[in-house]
Amino acid sequence: MSQYDDFDPFEAAAAPVPLSQRAMGVRPTPYLDGLNPAQRAAVEELDGPVLLLAGAGTGKTRALTTRIAHLLMQGKARHGQILAVTFTNKAAREMKDRIARLLGETVEGMPWLGTFHSVSVKILRRHAELIGNADLHLKTTFTILDTDDQIRLLKQLIAAENIDEKRWPARMLAGLIDAWKNRALTPSRVPKSDARAYDGYGVKLYQAYQDRLLALNAVDFGDLLMHCVTLFQAHPDILRQWQERFRYILVDEYQDTNTAQYLWLRLLAQAHHNICVVGDDDQSIYGWRGAEVGNILRFESDFPGAKVIRLEQNYRSTPHILAAASRLIAANSGRLGKTLWTEAEGGERVRLIGHWDSEAEARWIGEEIEAFHGGHRAAIGKRSLNDIAILVRASHQMRAFEDRFMTIGLPYRVIGGPRFYERQEIRDAMAYFRLAVSPDDDLAFERIVNVPKRGLGDKAVQKVQIEARDRGLPLLLGAAAAVASGAVGGKGGGALRLLTEQLGRWHADAIDSTVSHVELAERILDESGYTAMWQNDKSPDAPGRLDNLKELVKALEEFENLQGFLEHVALVMDTDKQESAEQVSIMTLHGAKGLEYPIVFLPGWEDGLFPSQRSMDESGTRGLEEERRLAYVGITRAEELATISFAGNRRMYGQWQSSLPSRFIDELPEDHVDVLTPPGLYGGGYGAAAQPYGQSSIYDRASKADVYNSPGWKRMQERSSHHAAPVHKKPVTIDADPAAGFTVGEEVFHQKFGKGRIMGIAEDTLTVEFGTGFKTIKAAYVQPLSAAGSDDVPF
DNA sequence: TCGAGGCTATTTTTT
DNA sequence: ATAGCCTCGA
């Protein structure tokens, strides 16, 4: 995780402890060597409640994983007796890897190290029949709904109540229900004060939704936690069973727990109090989705006698970066308080620069990155693009960077876009697979019944639903009945008959273990016409979707059968594939939590954007403080150099808006900041930012010139000893596939903009006219149209 | 039933 | 600006 791991003394511990030694009761503890005193305490304080306050970059994961290793090595618990929960699959995976490294063995045997949700599923599957009532309860095979299914279901319920969906959108209801579930509030427990929500229908619809889920033998993500809590509360005997099993409990990112997770943990821990939570109140940035910082602030009173251990030695960032972050976060109230320090010395100050507008900002950052990459900043040295990240407050800020980097041919990767398994084509395909496995999956049926278009509209689907309801059948069988009875006839009827027959065949094959599930998947996508649908689609993203389908099928190979795959996907929805090429990373500040980069850019520090106006409007001081913590997270991602920037003008919702530098900028310590901004834009009042704005390039250039002439810039130049003048248009070394082969007038294809025609060629840069207008793009980003994939059939 | 064009809302996001 | 959603007409 950290560069310091390179000389991590634990590496040595990776050598397996010989069985003979272990059998003799000899328990070497080489993995304890090299821990600082606080870390050592965190590892060795095994019994009773422990609150581990771990500041950014202080070796939190190391402490946590070493603690687990120690528990095992000391014989305090066996693998299956340790419960370790994280929020993300990624964090869980990383912990598994590191424990394996420490112990020199695989950690297949850590069955209860996982996310809150995956652990909850395991527990729930064993007691599913206790969720619900005597008449209607979950079965152990329950399915886990994704957000799409959830919304679709809610829409139906809203329509059934004759509520105007425009005034009360399903998404809002989903949010409401989710918030209740985050607080472990079942419909009957929703307090009166909340009952007026959603025009008074909230609780009623919530109840209806829960009933419907039960009937579908399904749960949503919120249920996983909530059902566990109610299960434990209603069945003390079962709770006791789990308490006895989990002798030791560890929790990562405790500051992010919501009320349901808190109750879940408290119930499990209350018997023995062997609970160790790790967190950093200063990095609590998920209040808006139900996280309660209060949980960590209150830990000592929840678990009297808790030992509080602070990890304050930072191994990640330079003193300047730490100082800037520390000063900023000091403006927050109600902190548990930590003082980060480091043995490191020197390093660059945090840089601050103002720009005329967001485009100038993107341009400048692009040039800086090229300079770092080319080794033109002596103070920093030549850098891989992988070492550089741009962290933005809101995803719409990314566009400016994408556009700019596309133009100059700077490879980038957006982290945290729509997840693979959330994409439409993947969900459609999965719905087909789900139906093949479980023909009674009504939500899946509804999703694909008319995808691809089969001439089955609302009317036909309604008839199927009526048929199914009258006969008490799942939709698929209802559909067959509707066809048989002639309720759905004509063209649609024929298509529906074909579909039901196909699904019957696929189901037979799905439960036939002699049929390869990979081949079956391919056949399903083929025979259903789903692949063909995208092949015939001319939109620019169609080829990408076909690629994704190919990848989906490839992912199937790693599983025994379709069932296994579907189970996996419901919970492990991340497939971030590592691309090998060097790329600058662009992501939101939220997405950056837990990551670190030598060089970090923090653009868009303007009041209203960051801190976000909406946060402040909705949550007042609390909101502002959360934004400040976000800023803190941002700065502390940087190992060597952090650059904060703001723009005087930004295009928002198509309108140019002027803005003022973020109030957070004033909270930075001057001693640790280099101001690269011309006085007009920052410092001497907000003069420049308040002037009337032209949008012409003249202003633009003038502004940039000002920046380069500013004292700050010159100081910067001098400090970084030798180098060429500010790197303007430098050719980029990567992707140096020149424009050779392209001719003016030729049609090309671009992943994002689609089909276009080349209007001009200069070196390796093309001017291309797309449907939306002209773009200047590096040749490497486009392909000749003929190669764009239409004959590249996936299956 | 389906596609075209008008209207509207637009932070952050895991499971 | 823009994407998703909805209404309307064929």
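Naming: A, B, ... by sequence-line order, numbering from 1 per chain.
As a whole-Å value, the separation of A:Arg637 CZ from B:dT12 P is 19 Å. Rounded to whole Å, the distance from NZ on A:Lys155 to C1' on C:dC6 is 10 Å. For the pair A:Gln283 CD and B:dT12 C1', the computed distance is 16 Å after rounding to whole Å. Regarding A:Asp256, its CG atom lies at a distance of 13 Å from the C1' atom of B:dT15, rounded to whole Å. For A:Lys181 and B:dT13, the NZ to P distance is 23 Å, given to the nearest whole Å. B:dT12 atom C1' lies 16 Å from atom CD1 of A:Ile415, rounded to whole Å. If you take CE of A:Met587 and P of B:dT12, they are 15 Å apart, rounded to a whole angstrom. Going from atom NZ of A:Lys459 over to atom P of B:dC2 covers 13 Å, rounded to whole Å.
Within the nucleic acid shown, A:Leu456 comes within 4.0 Å of sugar-phosphate atoms alone, with no base atom in reach, counting heavy atoms only. Residue contacts for A:Asp458: at a heavy-atom cut-off of 4.0 Å it reaches the sugar-phosphate backbone alone, with no base atom in range.
Between A:Arg404 and A:Glu361 there is no salt bridge, since no side-chain N of the basic residue sits under 4.0 Å from a carboxylate O of the acidic one. Salt-bridge annotation for A:Asp178 and A:Arg289: absent, with no side-chain N of the basic residue lying under 4.0 Å from a carboxylate O of the acidic one.
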B/S/- along nucleotides 3-11 of chain B (protein heavy atoms under 4.0 Å) is S------BB
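Heavy-atom nearest nucleotides on DNA chain B were determined for A:Ile285 and for A:His117, and the one closer to the 5' end corresponds to A:Ile285.
Between A:Tyr206 and A:Trp180, the ring planes lie parallel to each other; the angle is under 30°, not in the 30° to 60° tilted range. The aromatic rings of A:Tyr286 and A:His590 sit tilted relative to each other, their planes meeting at an angle between 30° and 60°.
A close approach under 4.0 Å does not occur between any side-chain nitrogen or oxygen of A:Asn450 and OP1 or OP2 of B:dT1. Checking the phosphate oxygens (OP1, OP2) of C:dT2, a side-chain nitrogen or oxygen of A:Arg399 falls inside 4.0 Å.
When ring centroids are compared, A:Trp242 and A:Trp112 come within the 6.0 Å threshold.
Judged purely by distance below 3.5 Å, without hydrogens or angles, the side chains of A:Gln462 and A:Asp458 never pair a donor atom with an acceptor atom. Under the 3.5 Å distance criterion, with hydrogens and angles disregarded, no donor-acceptor pair is assigned to the side chains of A:Gln283 and A:Tyr632.
Which of C:dT2, B:dT14, B:dT1 sits closest to the side chain of A:Arg289 comes down to B:dT14.
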